[in-house]
Amino acid sequence: MTTAGIVALVLLLAVAAYACAGGTDYGAGFWDLTAGGAERGRRPRWLIDHAMAPVWEVNNVWLIFVLVIMWTGFPLLFQTVFSSMWLPLALAVVGLVLRGAGFALRKPIKRVAGRRLYGALFAVSSLLTPYFLGAAVGGIASGRVAPGTTASAEAWANPTSFFFGLLTVTGTAFLGAVFLSCDAERWNAPDLVGYFRRRALGALAVAALLGVAALFVVPTDAPHLWSGLTQGAGLVLALVAVACTVATAVMLLRGHTRWSRFTATGIVAASVVAWGVAQRPYLIPTSLTIEQAAGAPSTLVWLLVVTLVALLLVGPALVLLYWLDTHAELESLSESDLREGGGGSPAGSG
Amino acid sequence: MHNPVSLPPGAHLLLADAPAQLLPARELMAFTLASHIILVPMGVALPLITLVMHYRGLRRSDPTALLLARRWSAVMAIQFAVGVVTGTVLSFEFGLLWPGLMGRWGDVFGIGFGVEAWAFFLEAVLIAIYLYGWRRLPPRTHFLLGLPLPATALLGAFGILAANSWMNTPQGFRLDATGNPVDVDVWKAIFTPMFGPQYWHFVVAMFMTAGYVVAGVYAVGILKGRRDRYHRIGFAVPFTVAAILTPVQFVLGDSIARSVFQKQPIKFAAMELVWETDTHVPEYIFGRLHPDGTVTGGIKIPQLDSILAGFRPDTQVTGLTSVPASDRPDPTEATIVHWAFDIMVIIGSLLGLLVLCYAWVVWRRRKRPAAERLPQSRWFYRSAACAGVASVVAVECGWIATEVGRQPWIVYQNMRVAEAVTSTRASTLWTMFGVVIVVYVFIFGSFLAVLLKMRTRWRLEDAAAGTATPAEGPETETPYGPRAAVPAASAGTGARAGEDGTP
């Protein structure tokens, strides 16, 4: 594999990581939107806040990494995508801002009307951002843009984009529900385990229906993608995604929520990687190959070096964060703890 | 690299008429950057200041210091959250507004951003651990896990400054026949001539600003008569950090001005309003440059500019007219750069005076008990309260001087801003600009509201200290506060979150 190929793989893996980590986050927002009125939705919303609080920022930093690899490794891809997909990406970034602000700033608001406003911003943008990001990916996958393409609605308002957008939203909702169901178990809220398990199954059913619909859209609208998905490594990965789907469905139906997280992540990761592999050797099917878009060779090598060093630094930190979080070691200190214990000591006295 | 959409060299001469979308694109970028940069000092420097306080608290088993450290960590986290949001906007804007820049030069100068992204990632992870580790993690482990935070912040600044200094003094590439960069040397592209001066000047400015801003908050408290230990160390620790760095910044500021004089003579000419290349050039303090080269208003000090630039009155200073009008900032832009530069220098000098007062008083009172060592004068605390705001203004001015001084180049002498701009219609960009202003006013307003609310709750908490334990902590309702307890189950399951771990 060439250096550019390896960088493309790193980019693909970063996209997959964002789809899984960020996707879970967006999914939580989706269920926040559908949780119902202030009273009925209080418990699900509490769980959503509780589960997201320590990790939501980390989950969203993946996106910045995706953008950086894009413009450093494949400047022409970055230029092409941002020129042709202007509107969906502009809308996605507005959604990102409102989402972050809505989530972070909802908590301090006491009045119901205010909470509703911030909550609605958080939830609606959790829906729109993944849709537009998915639609942009659909436009790329169907080969509708090429270097030099100027912004046009056709690039992102077409059958494949529409399908990708819906699939992304469904995927995030599914991931969100699976993780929230596990969190409910962890935080000892048994009623919410079933609540989110049912929703995970519902989202999975919708995703499966969309998968069937893909058979009608993709072969004609995105022929290169289709041929990549029906042979070789693309097919293997697509089958992995299907196998993970079946396994997740079985586990959810039987109530083994704890392990369904891994297969659910597997579905999303395998789907994203399958898309990337199916596009080979193109970054944008049939107009821009990996080699054509690749930046200067020395930059690519240094990008890999930076990535490797960072992986050695960030990997352990990330594992530590998720480990501490899942082992309930992450609790902030309250004022009274400090007063009584002189600070810093475990709040055994509380 | 094959790039069918880039312009051949020399094509920029045809772009004398700026495209209509240039103005909204520049305004939008300027607005989002100017907003983001307000949060940067806190992102880069607050972790260190917090850890200094945390160390003090652990070392001396000082509950007041620990209380301050924990409260600052809450502020740090909220500003980091808003910073993530506004930072993501910036990385999208590189593509949405300047596709030409990223398409042609992304692989030359992008690697700095790669370093920055990972550093940022690490910072996000560590902030989450630090913030939520106060209760359960052993105190020493918790402190040690927070310790890499300042390093990640410095690494992030390294990446961003590498990219920006490259735009000022680009190198590490060769142009091929079509004007595209080839033979990229990443090492040379990161360590450009302006990198060192820009990096150290920036980092020290961030630490000073964060120190003065945090100290300013407690200076206001002291002015209102709250002279307890909480306010005294809340003021003294960050103010001392900033005070130690202020003289350092004088040396660094002088050094960067001299680097600009040597490496970006046209920017230096704009900063100092030098029209014709000459020796014995006078220094203007403020004043306005006109298209015919005259300067009105301001204070003129003969010979001083030449002396400052090269230590001798016969030092030759390059003037704006040494390059064609299309290759230099216009008179309005030059006046803006000049004012920004002068304001920054004046604020720096005033802060220097304040630090001298502080050092003098603290030295004279060094043998008194701790409670009496700080200055007593109300004027001192009034000035200290203003120092926070003033240093934020200085940061904005420094950024304006750097960015406007480079006009009309986005990559100095290699690509004009007009060549890099998107082809999206001006009306669309103006609409986007409007949306962004509304959204940012909303976000920054909410950010401020949250901080003020936290302050009020902390104050109530301090007032009630010892009398009763309040039902809910002051930060319960803040974005990063303790996670709320589970609301009662509607189905009557009686489930209770086990997060306390207490029986």
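Atoms considered below: every heavy atom in the structure, side chains included; atoms not considered: hydrogens, waters and symmetry mates. Residue numbers begin at 1 in each chain, while the letters A, B, ... track the order of the sequences.
Taking all atoms of both residues into account, the shortest heavy-atom contact from B:A128 to A:L321 is CB-CD1, 3.8 Å. Contact between B:T88 and A:V93 at its shortest, heavy atoms only, is O-CG2, 4.4 Å. In terms of heavy atoms, A:W302 sits closest to B:W187 at CH2-CZ3, 3.5 Å. In terms of heavy atoms, B:V89 sits closest to A:V97 at CG2-CG2, 3.1 Å. Nearest heavy-atom pair across B:F113 and A:V68 is C-CG1, 3.6 Å. Of all heavy-atom pairs between B:L122 and A:A317, the closest is CD1-CB, 3.7 Å.
Only the side chain of A:L98 comes within contact range of chain B, with heavy atoms under 4.5 Å apart. For B:M432, the part lying under 4.5 angstrom from a heavy atom of chain A is the side chain only. Both the backbone and the side chain of A:T307 come within contact range of chain B, judged by heavy atoms closer than 4.5 Å. Heavy atoms closer than 4.5 Å to chain B are found in both the backbone and the side chain of A:L313. Heavy atoms closer than 4.5 Å to chain A are found in both the backbone and the side chain of B:V125. Contacts between B:S91 and chain A at a heavy-atom distance below 4.5 Å involve backbone atoms as well as side-chain atoms. A:L121 touches chain B through its side chain: at least one heavy atom from C-beta onward sits under 4.5 Å away, while N, CA, C and O do not. Proximity to chain B is limited to the side chain of A:V94, based on heavy atoms less than 4.5 angstrom apart. Within the 4.5 angstrom heavy-atom criterion, only side-chain atoms of A:L67, from C-beta onward, approach chain B.
To the nearest 0.5 Å, atoms CE (B:M102) and CH2 (A:W71) are separated by 5.0 Å. Annotation: the span from A:L89 atom CG to B:E93 atom CD amounts to 12.5 Å, rounded to 0.5 Å.
For the side-chain contact (heavy atoms from CB on, under 4.5 Å) with A:T299, the lone residue among B:D185, B:V108, B:D107 that qualifies is B:D107.
Less than 6.0 angstrom separates the ring centroid of A:F82 from the ring centroid of B:F92.
Chain B forms the most heavy-atom pairs under 4.5 Å with one residue out of A:P297, A:S83, A:A90, and that residue is A:A90.
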Report task. Give the C-alpha distance, both sets of side-chain angles, the deciding distance and a yes or no for side-chain contact (heavy atoms from CB on, under 4.5 Å) between B:L145 and A:L320. Result -> CA-CA 10 Å; B:L145 282 172; A:L320 180 69; 3.6 Å; yes
Report task. Check the pair B:T428, A:W86 against side-chain contact (heavy atoms from CB on, under 4.5 Å), reporting the backbone distance first and the verdict last. Result -> CA-CA 10 Å; B:T428 313; A:W86 204 90; 3.7 Å; yes
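Relative orientation of the B:W118 and A:F65 rings is tilted, given thresholds of 30° and 60° on the angle between their planes.
Counting non-hydrogen atoms of other residues, nucleotides and ligands closer than 6.0 Å to OH of B:Y55 gives a total of 12 or fewer.
In this structure the side chain of B:I111 reaches within 4.5 angstrom of the side chain of A:V306, judged on heavy atoms.
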